[in-house]
Amino acid sequence: MSVWNYVVTAHKPTSVSHSCVGNFTSPNQLNLIIAKCTRIEIHLLTPQGLQPMLDVPIYGRIATIELFRPHNETQDFLFIATERYKFCVLQWDAEKSELLTRAMGDVSDRIGRPTDNGQIGIIDPDCRLIGLHLYDGLFKVIPFDNKGQLKEAFNIRLEELQVLDIKFLHGCVKPTIVVLYQDNKDARHAKTYEVALKDKDFVEGPWSQNNLDNGAGLLIPVPAPLGGVIIIGEETIVYCNANATFKAIPIKQSIIRAYGRVDPDGSRYLLGDNTGTLHLLVLTHERERVTGLKVEYLGETSIASSISYLDNGVVYVGSRFGDSQLVKLNLQADASGSFVEVLERYVNLGPIVDFCVVDLDRQGQGQVVTCSGAFKDGSLRVVRNGIGINEQASVELQGIKGLWSLKSSFNDPYDMYLVVSFISETRFLAMNMEDELEETEIEGFDAQTQTLFCQNAINDLLIQVTANSVRLVSCTSRELVDQWTAPAGFSVNVASANASQVLLATGGGHLVYLEIRDAKLVEVKHAQLEHEISCLDLNPIGENPQYSSLAAVGMWTDISVRIFSLPDLELIRKENLGGEIVPRSVLLCTLEGVSYLLCALGDGNLFSFLLNASTGELTDRKKVSLGTQPISLRTFSSKGTTHVFASSDRPTVIYSSNKKLLYSNVNLKEVNHMCPFNTAAFPDSLAIAKEGELSIGTIDDIQKLHIRTIPLNEQARRICHQEQSRTLAFCSFKYNQTSMEESETHYIRLLDHQTFEFLSTYPLDQYECGCSIISCSFADDNSVYYCVGTAYVIPEESEPTKGRILVFAVEDGRLQLIVEKETKGAVYSLNAFNGKLLAAINQKIQLYKWMLRDDGSHELQSECGHHGHILALYTQTRGDFIVAGGCWGVPSRRVCE
């Protein structure tokens, strides 16, 4: 086993902490910039919606981002600060279409206590300085010079230690900040300071406001000419300014931490609270004097961490706790009284508090089921490496040997017919007026034999290849136009065709090349090869989509793939594959402008080569295992991009990203044949033949990870899978808020692991919450149980002094409580240990054995324990070893004797 581990990010960060709007990429373009942990996303606002432009990694977790426009500049710059006190200023170079770093530096201090409420980064509206609050009692200033360049930073002593928020005021002669802080008696106040850049010190500001709402936590600076600041509390909203204007309005109790300005003059703001409610705050004013405040309910969104108003009533709601959303604010309320319409959702996996790995399809392909989100945005997410096919229709059909789709005319954008081949017949399905598939006839086709290949051809013709002949049929009359018949004593074994060419293998190594000329089949060339042909392909990869200058041929005996030139069938390149497994499918394709030759073997392995479309040269040979059975390769299109589908016992989609081939599993157990079937009723769909079934399905977005969401409307904390009962169990809590009080209700819930349908719920006691859950069996008992560790979180207690271990059995899809064991503390961790149960309870590691009573019931009996920890939070076991982790110097290792 290697000492080194290769760690790679499987999924980019999705939790949104900050967002801002401005003219970053051009003076005339409106951009939305989103901060996601260690990445910055830059989007362009277009009439069609948000268009992604750039996804930039940042070396560090982003603490703050701000857009600003220096003097004499026509577009905005971006200021970014990280949690490790690094900062940079970025500019977009429109000519080179790249980001430029205008400034960067380190703003850390050798001494200082980091702020408890997180870093604050603000920029003076007149671009005179950047202000940072990183350490208690210090305000760091980075001044701008006259040319917009940053000068040397310095610190100013700040008297207020418990700072909650700082903002710059607009319309001030000197740079002025307003500080929201809490004193040592837990009262909250606001105070203003002028920043004297020459003296590098604060000067007493124009106003202050004492004894604010005890829940005040957010400042919103109001632009000139109104000026002043809005102070957001839990029960009141206050407006103050230097002219002694003081306006207040009561609100329903809530915690508001996100806001977005709607109008440039600052007369309207969007507010998002901790329940996901979106409000509109309106400042009523007469000229430059604020006369009152008004709050209006708009609707429900995800719990917002950032709000950015884009244009025309469209708002981006970024969220740490749920999916981020693009919403539209309507003028009229819907039936539920909401003005909010969700236009688009952006999946967010975070915060993940627990997960389990399960193999739901029993294919050796693990899926991760996560406890994601928080509060009302809590959910379970099923994350798997692969692509989902969503079945739209299916029919039972046994013995399918091939599938092809045909159009009613060559230039028709949609497919009309589905050709289904069997061992001794061919059947034709067509879309009727009700967008349903029904059986039909194509008179010119031979329906009494197996079809080897079908294709739309130029001049509105259809091609059918059978063992005895190649038939040309008119699309309009459906009658036979021309026919090529195999020579006596020969039959067609393998065939491939495109819009104007047909390539056949007729046994004994004979290769026949036909072309369609003036609605006639013309035999252009015949070649005799030394071995039998196993597969072939002439999919066009050049500039002409109807004609290929190359053909790929797979061979028996010497196990090789060969490239021939057309129309002369001259051998250009021979590539020996090695081994004893015959190539069963070859494909010429172009993905992201790069040409490839793919060659699939009978044992599930796939070779890929870079192909020079001009010379036929093969380079960059690679081999990958996709399954264990023979593979069949076909191209298909999804959202205008070409991909490859590999049908086998483990079907796979092959696609290109950044000119690199990637492989994603498909959520189907086994696929024998596939063809694209793009109809008006089922656009961009696939026809898929499985064992005994033909189905039509749409394919998910082509991506490495597929994420399925099971919304809970509550927060899941711990999760566990039990394969024997085919269930998932998780501990969760629901946050309840009324006008009078807040409360939490905790549950143990049981789900079906395939359908994720709720099967059973066990409510916990008041103040009791689930801390741990495992699935295990005990010595001398063949049954499998769910074991749950809980704690009673009493508000008056600093640490839980009471908890329970609950043992459940799943009977008829219900949770049945078998054993209940009280503990003297919180059960932070549970583990199976040699047929017994190991529990971490506060500062003690306790081992329980499973006992059978005389009356046939069971109980957990304490066997031994180990004290000596401050707090035991985690345990793991292997053999006779127990490793415990928690609040002490180093992990503790014990041997149980």
Side-chain angles (χ1 to χ4, degrees), residues 17-18 20 35 37-38 58-66 68 78-90 103-125 127-144 150-169 174-205 208-210 212 215-221 229 231-232 257 305-306 320:
S17 58
H18 303 79
C20 52
C37 190
T38 59
I58 302 294
Y59 189 65
R61 293 173 63 92
I62 296 165
T64 183
I65 63 169
E66 289 286 340
F68 67 98
L78 181 64
F79 172 79
I80 302 173
T82 71
E83 290 184 359
R84 294 195 174 181
Y85 311 113
K86 303 290 193 295
F87 80 92
C88 65
V89 176
L90 303 180
M104 59 181 293
D106 188 329
V107 286
S108 62
D109 292 326
R110 297 185 65 182
I111 57 171
R113 183 179 183 273
T115 59
D116 291 331
N117 295 311
Q119 298 180 24
I120 298 173
I122 51 176
I123 298 176
D124 174 49
C127 283
R128 291 168 287 191
L129 63 94
I130 296 172
L132 297 165
H133 181 57
L134 310 174
Y135 303 96
D136 286 344
L138 292 176
F139 185 75
K140 186 174 289 289
V141 174
I142 310 176
F144 287 97
L150 295 180
K151 297 160 67 175
E152 187 175 353
F154 58 87
N155 284 324
I156 300 177
R157 179 64 61 185
L158 190 64
E159 293 180 4
E160 294 73 28
L161 296 179
Q162 297 185 57
V163 173
L164 303 171
D165 200 6
I166 304 178
K167 290 291 193 300
F168 274 106
L169 293 177
K174 294 182 179 180
T176 305
I177 63 170
V178 55
V179 181
L180 178 65
Y181 67 97
Q182 181 173 298
D183 63 20
N184 54 13
K185 296 180 180 178
D186 293 339
R188 300 192 177 189
H189 318 281
K191 192 173 183 180
T192 57
Y193 292 102
E194 290 181 354
V195 181
L197 292 173
K198 288 185 178 180
D199 300 331
K200 297 184 179 181
D201 203 354
F202 283 138
V203 177
E204 197 76 21
S208 63
Q209 187 67 48
N210 295 327
L212 296 165
L218 181 65
L219 296 174
I220 303 176
V229 67
I231 305 169
I232 306 291
R257 288 290 180 266
S305 58
S306 72
R320 283 191 179 101

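Computed over heavy atoms, backbone and side chain alike; hydrogens, waters and symmetry mates excluded. Here the structure is a predicted model, which means the values were calculated and not measured.
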Looking at every heavy atom in both [X] and [Y], which two are closest together, and how far apart are they?
| X | Y | answer |
| --- | --- | --- |
| S108 | Y135 | CA-OH, 3.5 Å |
| C20 | L78 | SG-CD1, 4.4 Å |
| V179 | L219 | C-CD1, 4.4 Å |
| L212 | A190 | CD1-N, 3.7 Å |
| I123 | I130 | CG1-CG1, 4.0 Å |
| F168 | P125 | CB-CD, 3.6 Å |

To the nearest 0.5 Å, how far apart are [atom1] in [X] and [atom2] in [Y]?
| X | Y | atom1 | atom2 | result |
| --- | --- | --- | --- | --- |
| L180 | I231 | CG | CD1 | 6.5 Å |
| R113 | L161 | CZ | CG | 9.0 Å |
| S306 | I65 | OG | CD1 | 8.0 Å |

Would you check if [X] and [Y] make a side-chain contact, meaning some heavy-atom pair closer than 4.5 Å?
| X | Y | result |
| --- | --- | --- |
| I120 | T64 | no |
| M104 | V89 | no |
| L138 | L158 | no |
| V229 | L169 | yes |
| C88 | F79 | no |
| I142 | F87 | yes |
| T192 | I177 | no |
| V195 | F202 | yes |

Of all residues at least two apart in sequence or in a different chain, which pass the side chain to side chain donor-acceptor pair (under 3.5 Å) check with [X]?
| X | result |
| --- | --- |
| T38 | none |
| Q209 | none |
| D186 | Q182 |

Legend entry - Residues S17, R320; criterion side chain to side chain contact (heavy atoms under 4.5 Å, CB included); working and verdict: CA-CA 6 Å; S17 58; R320 283 191 179 101; 3.6 Å; yes

Under the salt bridge (charged side-chain N to carboxylate O under 4.0 Å, His left out) rule, collect the residues that match up with [X], sequence neighbours excluded.
| X | value |
| --- | --- |
| R128 | D124, D126 |
| R84 | none |
| D109 | K140 |
| D201 | none |

Inset, instruction - Please test F139 against Y193 for ring-ring contact (aromatic ring centres under 6.0 Å, His included), starting from the C-alpha separation and ending with a verdict. - result: CA-CA 11 Å; F139 185 75; Y193 292 102; 9.2 Å; no

Legend entry - Sequence-distant partners of Y181, ring pair (Phe, Tyr, Trp, His ring centres under 6.0 Å), two or more places apart: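 Expected list: H189.
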
Inset, instruction - Would you confirm whether N117, through its side chain, and V163, through its main-chain N or O, come within 3.5 Å as a donor-acceptor pair? - result: yes

Legend entry - Side-chain donor/acceptor of R188 to backbone N/O of A216, under 3.5 Å: yes

side-chain contact (heavy atoms from CB on, under 4.5 Å) partners of [X], counting only residues at least two apart:
| X | value |
| --- | --- |
| T115 | H133, D136 |
| E152 | none |
| S208 | K191 |
| Q119 | A63, E83, Y85, L134 |

